Amino acid sequence: MKRCLLMLSIPFLTCSVFAKAEHSCMYLHIDDAMILNQARAPIYSRLSDGESDGVSEAMISFEKGLLRAASIADAVAFPLQVSGIPILCVDYVHMSETPPFRNSFAQGAPKLSQFHQLDIYAVKVALTAALQSDDFESLIEIATQNIEVLEREKRFNCMVHHFLESIRRVAGLAPQYQAMAKSKLSAYGTKLISKKVLKGHIKYLDEAAHIDLLAAPVQAQNIPIICQDVPHTPLAPNLLQQ
(Lines give C-alpha, C1' and ligand atoms only; values in the text may rest on other atoms or scores of the structure.)
Protein backbone atom coordinates (compact mmCIF):
# COMPACT_ATOMS: atom_id res chain seq x y z
CA MET A 1 0.00 0.00 0.00
CA LYS A 2 2.88 2.37 0.76
CA ARG A 3 3.99 2.05 -2.87
CA CYS A 4 0.73 3.80 -3.87
CA LEU A 5 1.29 6.93 -1.74
CA LEU A 6 1.45 10.23 -3.59
CA MET A 7 5.10 10.73 -2.66
CA LEU A 8 5.47 13.98 -4.58
CA SER A 9 1.89 15.20 -4.09
CA ILE A 10 0.89 14.66 -7.72
CA PRO A 11 -2.82 13.82 -7.84
CA PHE A 12 -2.66 11.47 -10.85
CA LEU A 13 -0.13 8.97 -9.44
CA THR A 14 -1.72 5.54 -9.00
CA CYS A 15 -0.60 2.07 -8.09
CA SER A 16 -0.83 0.87 -11.71
CA VAL A 17 1.22 3.85 -12.88
CA PHE A 18 3.90 3.00 -10.33
CA ALA A 19 4.11 -0.56 -11.64
CA LYS A 20 4.49 0.63 -15.24
CA ALA A 21 7.10 3.25 -14.38
CA GLU A 22 9.11 1.30 -11.83
CA HIS A 23 11.87 0.48 -14.32
CA SER A 24 11.68 3.57 -16.49
CA CYS A 25 14.10 6.25 -17.63
CA MET A 26 15.57 7.63 -14.40
CA TYR A 27 15.67 4.25 -12.69
CA LEU A 28 17.36 2.62 -15.66
CA HIS A 29 19.96 5.38 -15.89
CA ILE A 30 21.01 4.90 -12.29
CA ASP A 31 20.74 1.11 -12.41
CA ASP A 32 22.86 0.97 -15.56
CA ALA A 33 25.44 3.22 -13.89
CA MET A 34 25.55 0.90 -10.88
CA ILE A 35 25.99 -2.16 -13.12
CA LEU A 36 28.85 -0.46 -14.97
CA ASN A 37 30.60 0.50 -11.73
CA GLN A 38 30.18 -3.00 -10.32
CA ALA A 39 31.77 -4.44 -13.47
CA ARG A 40 34.68 -2.00 -13.48
CA ALA A 41 35.37 -2.06 -9.72
CA PRO A 42 37.58 -5.21 -9.73
CA ILE A 43 39.57 -3.91 -12.70
CA TYR A 44 40.28 -0.64 -10.91
CA SER A 45 41.13 -2.61 -7.78
CA ARG A 46 43.80 -4.57 -9.63
CA LEU A 47 45.23 -1.44 -11.24
CA SER A 48 45.42 0.42 -7.91
CA ASP A 49 46.36 -2.51 -5.63
CA GLY A 50 43.04 -2.09 -3.85
CA GLU A 51 43.25 1.67 -3.29
CA SER A 52 40.24 2.28 -5.53
CA ASP A 53 37.96 -0.02 -3.54
CA GLY A 54 36.66 2.77 -1.34
CA VAL A 55 35.85 4.88 -4.37
CA SER A 56 33.93 2.09 -6.07
CA GLU A 57 32.08 1.21 -2.88
CA ALA A 58 31.09 4.85 -2.37
CA MET A 59 29.84 5.17 -5.95
CA ILE A 60 27.83 1.96 -5.90
CA SER A 61 26.35 2.67 -2.46
CA PHE A 62 25.36 6.17 -3.57
CA GLU A 63 23.69 4.87 -6.71
CA LYS A 64 21.90 2.10 -4.86
CA GLY A 65 20.51 4.67 -2.45
CA LEU A 66 18.99 6.66 -5.31
CA LEU A 67 17.02 3.81 -6.87
CA ARG A 68 13.93 4.15 -4.67
CA ALA A 69 13.61 7.87 -5.36
CA ALA A 70 14.17 7.21 -9.06
CA SER A 71 11.28 4.73 -9.11
CA ILE A 72 8.99 7.30 -7.52
CA ALA A 73 10.07 10.01 -9.95
CA ASP A 74 9.44 7.68 -12.89
CA ALA A 75 6.00 6.87 -11.54
CA VAL A 76 5.08 10.53 -11.31
CA ALA A 77 6.45 11.22 -14.80
CA PHE A 78 4.65 8.34 -16.49
CA PRO A 79 1.28 10.07 -17.20
CA LEU A 80 3.15 13.04 -18.66
CA GLN A 81 5.26 10.76 -20.84
CA VAL A 82 2.09 9.08 -22.12
CA SER A 83 0.75 12.51 -23.06
CA GLY A 84 3.82 13.13 -25.22
CA ILE A 85 6.13 14.97 -22.81
CA PRO A 86 9.43 13.04 -22.59
CA ILE A 87 10.30 14.27 -19.11
CA LEU A 88 13.11 12.31 -17.39
CA CYS A 89 13.81 10.38 -20.60
CA VAL A 90 15.61 13.25 -22.33
CA ASP A 91 17.14 14.60 -19.12
CA TYR A 92 19.53 11.66 -18.74
CA VAL A 93 22.13 10.54 -21.26
CA HIS A 94 22.17 6.79 -21.84
CA MET A 95 25.02 4.98 -20.12
CA SER A 96 26.00 3.48 -23.47
CA GLU A 97 27.55 6.91 -24.12
CA THR A 98 30.06 6.31 -21.31
CA PRO A 99 33.66 6.38 -22.59
CA PRO A 100 35.31 3.00 -23.26
CA PHE A 101 37.49 1.66 -20.49
CA ARG A 102 41.15 2.71 -20.44
CA ASN A 103 43.81 1.72 -17.95
CA SER A 104 45.22 5.26 -17.84
CA PHE A 105 44.56 8.86 -18.81
CA ALA A 106 45.52 9.65 -22.40
CA GLN A 107 47.20 12.84 -21.14
CA GLY A 108 49.13 11.06 -18.40
CA ALA A 109 48.73 11.33 -14.65
CA PRO A 110 47.69 14.59 -13.02
CA LYS A 111 49.59 15.78 -9.96
CA LEU A 112 47.68 15.52 -6.70
CA SER A 113 48.80 19.09 -5.93
CA GLN A 114 46.58 20.15 -8.86
CA PHE A 115 43.46 18.84 -7.15
CA HIS A 116 41.32 21.74 -5.99
CA GLN A 117 37.63 21.44 -5.20
CA LEU A 118 34.95 24.03 -5.73
CA ASP A 119 33.40 25.82 -2.77
CA ILE A 120 30.47 23.41 -2.82
CA TYR A 121 28.57 25.31 -0.14
CA ALA A 122 28.69 28.53 -2.19
CA VAL A 123 27.72 26.69 -5.37
CA LYS A 124 24.75 25.08 -3.62
CA VAL A 125 23.60 28.42 -2.17
CA ALA A 126 23.69 30.06 -5.61
CA LEU A 127 21.93 27.17 -7.34
CA THR A 128 19.29 26.91 -4.62
CA ALA A 129 18.49 30.62 -4.83
CA ALA A 130 18.02 30.34 -8.59
CA LEU A 131 15.86 27.24 -8.22
CA GLN A 132 13.63 28.84 -5.60
CA SER A 133 13.05 31.72 -8.01
CA ASP A 134 12.28 29.35 -10.90
CA ASP A 135 15.21 31.03 -12.68
CA PHE A 136 16.28 28.20 -14.95
CA GLU A 137 18.52 30.47 -17.04
CA SER A 138 20.53 31.38 -13.94
CA LEU A 139 20.80 27.71 -13.02
CA ILE A 140 22.33 27.06 -16.44
CA GLU A 141 24.68 30.04 -16.09
CA ILE A 142 25.87 29.08 -12.59
CA ALA A 143 26.42 25.46 -13.58
CA THR A 144 28.30 26.50 -16.72
CA GLN A 145 30.58 28.90 -14.84
CA ASN A 146 31.58 26.17 -12.40
CA ILE A 147 32.00 23.57 -15.16
CA GLU A 148 34.45 25.93 -16.85
CA VAL A 149 36.47 26.16 -13.63
CA LEU A 150 36.63 22.38 -13.31
CA GLU A 151 37.62 21.94 -16.93
CA ARG A 152 40.94 23.61 -16.24
CA GLU A 153 41.93 20.16 -14.93
CA LYS A 154 39.59 17.54 -16.33
CA ARG A 155 41.24 14.59 -14.60
CA PHE A 156 39.87 15.55 -11.17
CA ASN A 157 36.40 16.46 -9.82
CA CYS A 158 34.67 14.33 -12.43
CA MET A 159 31.63 13.49 -10.30
CA VAL A 160 30.85 17.11 -9.45
CA HIS A 161 31.45 17.97 -13.10
CA HIS A 162 28.93 15.30 -14.08
CA PHE A 163 26.31 16.62 -11.65
CA LEU A 164 26.74 20.20 -12.87
CA GLU A 165 26.36 19.09 -16.48
CA SER A 166 23.18 17.27 -15.50
CA ILE A 167 21.84 20.31 -13.62
CA ARG A 168 22.46 22.42 -16.70
CA ARG A 169 20.62 19.98 -18.96
CA VAL A 170 17.61 19.50 -16.66
CA ALA A 171 17.31 23.28 -16.22
CA GLY A 172 17.36 23.71 -19.99
CA LEU A 173 14.61 21.16 -20.48
CA ALA A 174 12.32 22.29 -17.65
CA PRO A 175 10.69 25.29 -19.38
CA GLN A 176 10.38 23.30 -22.60
CA TYR A 177 8.37 20.60 -20.85
CA GLN A 178 6.09 23.28 -19.41
CA ALA A 179 5.56 24.70 -22.89
CA MET A 180 4.67 21.24 -24.21
CA ALA A 181 2.02 20.68 -21.55
CA LYS A 182 -1.60 20.70 -22.76
CA SER A 183 -3.15 21.70 -19.44
CA LYS A 184 -2.33 23.70 -16.33
CA LEU A 185 -2.17 20.47 -14.32
CA SER A 186 0.36 18.96 -16.70
CA ALA A 187 2.42 22.17 -16.70
CA TYR A 188 2.40 22.10 -12.89
CA GLY A 189 3.45 18.45 -12.96
CA THR A 190 6.40 19.01 -15.29
CA LYS A 191 7.61 21.98 -13.27
CA LEU A 192 7.36 20.09 -9.99
CA ILE A 193 9.23 17.06 -11.34
CA SER A 194 12.00 19.16 -12.87
CA LYS A 195 12.41 21.15 -9.67
CA LYS A 196 12.47 18.00 -7.54
CA VAL A 197 15.17 16.52 -9.78
CA LEU A 198 17.20 19.72 -9.65
CA LYS A 199 16.80 19.95 -5.89
CA GLY A 200 18.12 16.41 -5.59
CA HIS A 201 21.12 17.16 -7.80
CA ILE A 202 21.97 20.23 -5.72
CA LYS A 203 21.55 18.32 -2.47
CA TYR A 204 23.87 15.53 -3.57
CA LEU A 205 26.68 17.80 -4.73
CA ASP A 206 28.20 17.19 -1.29
CA GLU A 207 28.24 13.43 -1.90
CA ALA A 208 29.66 13.97 -5.38
CA ALA A 209 32.45 16.12 -3.93
CA HIS A 210 33.18 13.45 -1.32
CA ILE A 211 33.51 10.81 -4.03
CA ASP A 212 35.85 13.13 -5.95
CA LEU A 213 37.96 13.55 -2.83
CA LEU A 214 38.25 9.78 -2.45
CA ALA A 215 39.05 9.38 -6.13
CA ALA A 216 41.77 12.04 -6.40
CA PRO A 217 44.69 9.93 -5.04
CA VAL A 218 43.73 7.10 -7.41
CA GLN A 219 43.43 9.47 -10.36
CA ALA A 220 46.88 10.86 -9.46
CA GLN A 221 48.18 7.32 -10.08
CA ASN A 222 47.04 7.75 -13.70
CA ILE A 223 43.88 5.69 -13.19
CA PRO A 224 40.85 7.44 -14.73
CA ILE A 225 38.26 6.18 -12.26
CA ILE A 226 34.97 8.17 -12.30
CA CYS A 227 36.15 10.35 -15.21
CA GLN A 228 35.55 7.57 -17.72
CA ASP A 229 32.61 6.05 -15.84
CA VAL A 230 30.05 8.78 -16.53
CA PRO A 231 28.81 9.97 -19.92
CA HIS A 232 29.28 13.52 -21.13
CA THR A 233 25.97 15.33 -20.66
CA PRO A 234 25.50 18.02 -23.34
CA LEU A 235 23.24 21.04 -23.18
CA ALA A 236 19.52 20.45 -23.48
CA PRO A 237 18.28 19.89 -27.03
CA ASN A 238 15.57 22.16 -28.41
CA LEU A 239 12.51 19.93 -28.20
CA LEU A 240 10.16 22.65 -29.34
CA GLN A 241 11.66 22.75 -32.82
CA GLN A 242 11.67 18.97 -33.34
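The first residue in the sequence is number 1, and the count goes up from there. Every value quoted in this text rests on a predicted model; they were computed, and no experiment measured them.
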Can you sort out the partners of [X] under side chain to side chain donor-acceptor pair (under 3.5 Å), two or more places apart, ordered by chain and number?
{"X": "Q117", "value": "none"}
{"X": "E151", "value": "H161"}
{"X": "T98", "value": "none"}
{"X": "S183", "value": "S186"}

Do any pairs count as a salt bridge (Lys or Arg N to Asp or Glu O under 4.0 Å) and have a residue in [range], sequence neighbours left out, and if so which ones?
{"range": "residues 92-117", "value": "none"}
{"range": "residues 162-191", "value": "D134-K191"}
{"range": "residues 214-224", "value": "none"}

*asked:* Which residues pass the salt bridge (charged side-chain N to carboxylate O under 4.0 Å, His left out) test with R40, not counting sequence neighbours?
replied: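 R40 satisfies salt bridge (charged side-chain N to carboxylate O under 4.0 Å, His left out) with D229 only.
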*Who pairs with E51 by salt bridge (charged side-chain N to carboxylate O under 4.0 Å, His left out), at least two apart in sequence or on another chain?*
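Residues passing salt bridge (charged side-chain N to carboxylate O under 4.0 Å, His left out) with E51: none at all.
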Hey, can you pull the donor-acceptor pairs under 3.5 Å for the side chains in residues 118-125, sequence neighbours left out?
{"residue": "D119", "atom": "OD1", "partner": "Y121", "partner atom": "N", "Å": "3.4"}
{"residue": "D119", "atom": "OD1", "partner": "A122", "partner atom": "N", "Å": "3.1"}
{"residue": "K124", "atom": "NZ", "partner": "D206", "partner atom": "OD2", "Å": "2.4"}

*For Y177, which residues count as a ring-ring contact (aromatic ring centres under 6.0 Å, His included) partner, sequence neighbours excluded?*
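Not a single residue meets the ring-ring contact (aromatic ring centres under 6.0 Å, His included) criterion with Y177.
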*Residue pairs involving residues 103-213 (criterion disulfide bond (SG atoms under 2.5 Å apart); sequence neighbours excluded)*: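 For residues 103-213: C158-C227.
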